[in-house]
Amino acid sequence: MARNATNQLLRKAKKSKSDEFYTQLCDIERELQYYPNSFAGKVVYCNCDDPRISNFYRFFVIHFHELGLKKLIASCYREEVFDLFLNQEVEKGFWCEYSGEDGNHFNPDKINYFKGSGDFRSAECIELLKQADVVVTNPPFSLFREFVSQIVRHDKQFLIIGNVNAITYKEIFELIQIGKAWLGVNLGRGISGFIVPDNYDQYGTEVSINNEGQKIISTNGCLWLTNLELDQRHKDIELTKVYHGNEAVYPKYDNCDGININKTNDIPNDFSGLMGVPITFLHKYNPDQFEIVRFRKGDDGKDLCVNGKCPYFRILVKNKRICNFEQAKLLKNPLYEQL
C-alpha cells in the first residue's frame with residue numbers, strides 16, 4: 001500500500017504543473033561529493049529552481065568558493081496569471097544570479113522578472129542556458145525527454161534527477177549507448193525522498209516529516225543522469241559466475257542468438273555472445289568492459305522472449321574482453337584448469 005501511495009502521488013505530480021517536488025539537501029550532498037573537480041571556473045545553471053527555497057541553489061551558494069564556481073544562476077517557473085481588474089500580469093517567472101560576493105546570497109531586490117512564465121523552454125531561459133556550462137536541477141519528470149534534448153542540443157554538461165524509467169526512453173537510452181550520458185552514483189534508495197507541499201495527503205510509510213517540518217515522499221524509483229565524468233563508471237563489474245557447464249541457468253532467447261540473465265551479478269565471465277541483462281545493469285555499466293548492442297528487441301524486431309514468454313525489459317550487451325571460449329580458458333578460471 002505504501003508503494004502504491006507513492007506511485008499515485010508521483011503520477012499526480014506528473015499531470016499537474018502546479019505540483020512541485022523539491023530535492024533534499026542531503027541527497028544533493030550525497031551525489032555531488034563525487035564531482036569535486038567538475039565545476040571549477042564554470043557557470044552553473046539551476047533552471048527549474050526557485051532560489052528562495054531550492055536546495056540546489058542553496059548547495060552551490062554554500063560551496064561556491066570550495067568548488068571554484070564562476071557564477072550561479074537560478075530561474076523559476078511561475079504560471080502566468082492575469083488580473084482582470086488590474087489589467088496586468090500579477091505573477092511571472094523570475095531569475096537571479098550569484099557570483100560569490102559576501103553578504104546575503106539571495107536579495108529580493110535583485111530578482112529579475114521574465115516577460116513570460118520562466119519555463120525552461122522559453123527564449124528567455126534559453127538565453128540564460130547559453131551562458132551556462134553545467135545544468136544541475138530536478139526537472140519536471142513529465143518533460144524529462146524534452147529537458148534532456150534541449151541540454152544536449154546546446155552542448156551543455158548536466159547532472160539531473162529523473163525517474164528510473166527514463167533510461168527506457170528511446171532518446172535517453174541512445175545517449176547512454178553512444179556514451180553521451182550515464183547514470184550517477186546514487187539510485188533508488190540512494191535518493192531518500194522529495195519535499196512536497198503541505199497539501200499532499202499524508203498516508204503510508206513512504207511519507208514522513210523531516211526535522212524542518214517538511215513533508216517528505218520517499219521513493220525507490222529515481223536516479224541521477226549526467227555527462228560529468230565519474231571514476232566509478234570505469235570500474236569493472238566483478239564477474240564470478242561461469243556459463244560453460246551451467247548452460248541450464250542461462251536460457252537462450254527464441255528470437256535472438258543470446259542468453260537471458262536476470263541479475264547483473266549473474267553475468268558469466270566466460271560468455272562471448274549476446275547477453276540480455278536487466279536495465280539496472282546500467283548503474284554498474286563500465287563502457288571499457290561491455291558494449292551495449294541494443295535495447296529490448298530481438299532479431300525480428302519484437303520483444304525478446306524465452307519459451308514464448310517475454311521477461312522484463314532487457315539490454316543486449318557483449319563482454320568486450322572475451323572474444324571466444326578459448327580466450328575464456330586463458331583467464332585461468334579454476335573451472336577450466338583441467339580443460
Side-chain angles (χ1 to χ4, degrees), residues 13-14 17 20-23 27-28 31-32 34-35 37-51 54-57 59-60 67 69-77 93 95-98 114 116-187 191 194 222-230 233 282-283 285 287 292 295:
K14 189 173 182 179
K17 289 185 178 180
E20 298 179 357
F21 280 29
Y22 294 99
T23 311
D27 287 326
I28 296 170
E31 181 69 24
L32 269 290
Y34 295 100
Y35 311 86
N37 303 314
S38 297
F39 300 98
K42 295 181 180 180
V43 176
V44 172
Y45 184 23
C46 304
N47 57 348
C48 297
D49 297 81
D50 183 337
S54 166
N55 282 317
F56 282 105
Y57 185 79
F59 173 87
F60 284 113
L67 294 172
L69 268 61
K70 180 180 179 180
K71 185 166 65 174
L72 171 63
I73 305 173
S75 63
C76 178
Y77 168 85
W95 64 279
C96 70
E97 63 180 50
Y98 176 66
F114 291 116
S117 65
D119 187 302
F120 71 85
R121 297 165 293 185
S122 68
E124 292 176 293
C125 285
I126 290 175
E127 285 304 310
L128 292 177
L129 177 64
K130 291 178 180 178
Q131 300 178 34
D133 300 297
V134 190
V135 174
V136 185
T137 192
N138 175 4
F141 285 4
S142 61
L143 299 174
F144 197 80
R145 290 183 179 91
E146 196 168 353
F147 187 90
V148 173
S149 175
Q150 177 177 285
I151 297 174
V152 172
R153 188 165 61 250
H154 288 276
D155 195 25
K156 302 299 179 181
Q157 293 182 301
F158 60 89
L159 176 62
I160 58 178
I161 290 181
N163 189 287
V164 70
N165 289 328
I167 57 181
T168 67
Y169 301 161
K170 180 177 182 291
E171 302 88 342
I172 305 301
F173 181 81
E174 287 179 352
L175 289 175
I176 295 173
Q177 184 175 15
I178 63 178
K180 288 191 174 182
W182 42 87
L183 272 61
V185 175
N186 291 293
L187 172 80
I191 300 173
F194 298 95
C222 293
L223 53 73
W224 290 89
L225 186 73
T226 187
N227 60 359
L228 295 175
E229 193 52 78
L230 269 172
R233 82 184 191 97
L282 293 178
H283 189 222
Y285 167 56
I292 296 176
F295 176 57

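Each residue takes its place number in the sequence, starting with 1.
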Between N186 and E31, does any side-chain donor sit less than 3.5 Å from a side-chain acceptor? yes
For V44 and F56, what are the C-alpha separation, side-chain angles and deciding distance, and is it a side chain to side chain contact (heavy atoms under 4.5 Å, CB included)? CA-CA 10 Å; V44 172; F56 282 105; over 6 Å; no
Reported CZ-to-SG distance for the pair F59 and C46, which is rounded to 0.5 angstrom: 10.5 Å
How about N163 and F144: do any of their side-chain heavy atoms sit closer than 4.5 Å? no
When you look at H154 and I126, which way does the side chain to side chain contact (heavy atoms under 4.5 Å, CB included) test go after all the steps? CA-CA 9 Å; H154 288 276; I126 290 175; 3.7 Å; yes
Do R153 and Q150 come within less than 4.5 Å of each other through their side chains, counting heavy atoms only? yes
Testing the basics here: between Q131 and V43, what is the closest heavy-atom pair and its distance to 0.1 Å? O-CB, 3.6 Å
Hey, does the side chain of S117 reach the backbone of G93 with a donor-acceptor pair shorter than 3.5 angstrom? no
Atom OG of S38 and atom CD of E229: how far apart are they, to the nearest 0.5 Å? 8.5 Å
Look at the aromatic rings of F21 and F194 and report parallel, tilted or perpendicular, splitting at 30° and 60°. tilted
Might you point out which heavy atoms bring G118 and C125 nearest each other, and give the distance in Å? O-SG, 3.3 Å
Which value, rounded to the nearest 0.5 Å, describes the distance between I73 atom CD1 and D49 atom CG? 12.5 Å
Show the nearest heavy-atom pair for residues D133 and G41, with the distance to one decimal. OD2-O, 4.3 Å
Heavy-atom side-chain contact between F60 and Y98 under 4.5 Å: no
Spacing of K71 atom NZ and K42 atom NZ [to the nearest 0.5 Å]: 16.0 Å
I'd like to know if the side chain of S75 pairs up with that of N47 as donor and acceptor (distance under 3.5 Å, no hydrogens or angles considered). no
Could you measure the distance from the CD1 atom of I167 to the CG atom of L225? Nearest 0.5 Å is fine. 9.0 Å
Would a distance-only check, ignoring hydrogens and angles, find a side-chain to backbone donor-acceptor pair under 3.5 Å from S122 to D119? yes
Could you tell me which non-hydrogen atom of F39 sits nearest to which non-hydrogen atom of V134, and how far apart they are? CE2-CG1, 3.9 Å
Any donor-acceptor N/O pair, E97 side chain to A74 backbone, under 3.5 Å: no
Can you confirm whether the side chains of N138 and T23 place a donor and an acceptor under 3.5 Å from each other? yes
Distance (rounded to the nearest 0.5 Å) between C48 SG and I161 CD1: 11.5 Å
For R145 and E171, the nearest pair of non-hydrogen atoms, with its separation, is NE-OE1, 3.2 Å
Within a strict 4.5 Å, meaning less than it, do heavy atoms of the C96 and Y57 side chains meet? yes
Looking only at heavy atoms, which two atoms of A132 and K156 are closest? And how far apart? O-NZ, 2.7 Å
Scan the side chains in residues 172-185 for donor-acceptor partners under 3.5 Å anywhere in the protein, sequence neighbours excluded, and list what turns up.
unit_1, atom_1, unit_2, atom_2, d
E174, OE2, K170, NZ, 2.8
Q177, NE2, I292, O, 3.3
Q177, NE2, V293, O, 2.8
W182, NE1, L228, O, 3.0

Apply side chain to side chain contact (heavy atoms under 4.5 Å, CB included) to the pair F120 and L129, showing each step before the final yes or no. CA-CA 9 Å; F120 71 85; L129 177 64; over 6 Å; no
Any chance you could lay out the side chain to side chain contact (heavy atoms under 4.5 Å, CB included) test for T137 and F147, step after step, and finish with the verdict? CA-CA 11 Å; T137 192; F147 187 90; 3.5 Å; yes
Per side-chain contact (heavy atoms from CB on, under 4.5 Å), W224 is matched among L230, I191, L187, I160 by I191
